[in-house]
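Just so it is clear, the model here is predicted, and its values are computed rather than measured.
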Amino acid sequence: MIIENPISITDRAAEEIKNILTQKKVPEGYFLRIGVKGGGGCGGAAFTLGFDKEKETDMSYTTKGISVVIEKRQMMFLIDLEVDFEDRRDERGFVFNKKNTQ
């Protein structure tokens, strides 16, 4: 099964990711890596963002002009995830929301 955009990125998040790519001078050939850290249990899993080169075990796609890679074995935890960016008075950063699949 081919999934075109397993993870969506909001316009706000896409704008911030593009700003980071420019400001931090991320080299050509690097992708936005979305992943999972930790496991199940009470603590659950945490989602991660970073920049990395594509690996053989990755699935890649482009959304909103951003090249994204996901490790294939983590895909089941990431399908229907939405990456957003919030800029509040007290905090600023990326947030991860599971879309309602019902």
Side-chain angles (χ1 to χ4, degrees):
M1 176 169 74
I2 295 174
I3 302 170
E4 276 191 38
N5 289 330
I7 300 170
S8 64
I9 298 175
T10 65
D11 290 340
R12 283 187 306 240
E15 183 179 329
E16 188 62 23
I17 291 164
K18 289 174 184 176
N19 287 340
I20 291 169
L21 283 165
T22 302
Q23 291 172 1
K24 300 291 183 186
K25 296 182 173 87
V26 176
E28 284 284 319
Y30 276 71
F31 292 67
L32 174 69
R33 178 171 296 281
I34 302 174
V36 179
K37 187 173 166 181
C42 296
F47 301 111
T48 62
L49 288 179
F51 297 100
D52 198 4
K53 291 202 173 219
E54 185 174 13
K55 297 177 180 144
E56 226 177 89
T57 56
D58 289 336
M59 181 198 132
S60 64
Y61 69 99
T62 301
T63 183
K64 300 194 179 184
I66 299 167
S67 298
V68 179
V69 289
I70 302 164
E71 195 172 321
K72 289 177 187 172
R73 67 184 177 94
Q74 295 183 352
M75 183 61 68
M76 64 187 249
F77 301 107
L78 299 169
I79 289 177
D80 292 328
L81 186 72
E82 176 187 72
V83 179
D84 196 4
F85 185 80
E86 293 183 354
D87 193 357
R88 301 180 192 168
R89 186 163 40 139
D90 296 341
E91 59 187 353
R92 181 175 198 267
F94 291 98
V95 293
F96 303 90
N97 302 307
K98 273 295 207 179
K99 291 184 191 177
N100 187 358
T101 55
Q102 295 177 346

Rounded to the nearest 0.5 Å, what's the gap from OG1 on Thr57 to CD1 on Ile70? Could you check? 12.0 Å
Using atom types as modelled and distance alone, determine if a side-chain donor or acceptor of Tyr61 lies under 3.5 Å from a backbone N or O of Ile7. yes
Atom pair CG/CE of Leu81 and Met75 - distance to nearest 0.5 Å: 11.0 Å
Quick one: do Phe31 and Phe96 end up in the same hydrophobic cluster if we chain Ile, Leu, Val, Met, Phe, Trp and Tyr together by side-chain heavy atoms under 4.5 Å apart? no
I need the Gln23 CD to Lys25 NZ distance, nearest 0.5 Å. 9.5 Å
Determine whether Val69 and Met59 fall in the same hydrophobic cluster, where Ile, Leu, Val, Met, Phe, Trp and Tyr are linked whenever their side-chain heavy atoms lie under 4.5 Å apart. no
Would you say Arg12's side chain and Phe85's backbone share a donor-acceptor pair under 3.5 angstrom? yes
Please check this pair: side chain of Lys98 against backbone of Ile79, looking for a donor-acceptor N/O pair closer than 3.5 Å. yes
State yes or no: do Ile20 and Val95 share one hydrophobic cluster built from I, L, V, M, F, W and Y residues joined by side-chain heavy-atom distances below 4.5 Å, directly or via other members? no
Return the CD to OG1 distance between Glu82 and Thr10, rounded to the nearest 0.5 Å. 6.0 Å
Could you measure the distance from the CD1 atom of Ile17 to the CD1 atom of Ile9? Nearest 0.5 Å is fine. 4.5 Å
Check: Lys37 side chain, Thr48 main-chain N or O, donor-acceptor pair, under 3.5 Å: no
Return the minimal non-hydrogen interatomic distance between Arg33 and Asp58, and the atom names on each side. NH2-OD2, 2.6 Å
Is there a side chain to side chain contact (heavy atoms under 4.5 Å, CB included) between Phe47 and Val83 once you walk through the steps? CA-CA 10 Å; Phe47 301 111; Val83 179; over 6 Å; no
Which pair of heavy atoms, one from Thr62 and one from Ser67, lies closest together, and at what distance? OG1-OG, 3.8 Å
Taken to the nearest 0.5 Å, the spacing of Leu32 CG from Lys18 NZ works out to 11.5 Å
Should we say atom CZ of Phe77 is surrounded by more than 12 heavy atoms from elsewhere, each under 6.0 Å from it? no
Heavy-atom nearest pair, Glu54 first then Ser60, reads OE2-OG, 3.0 Å
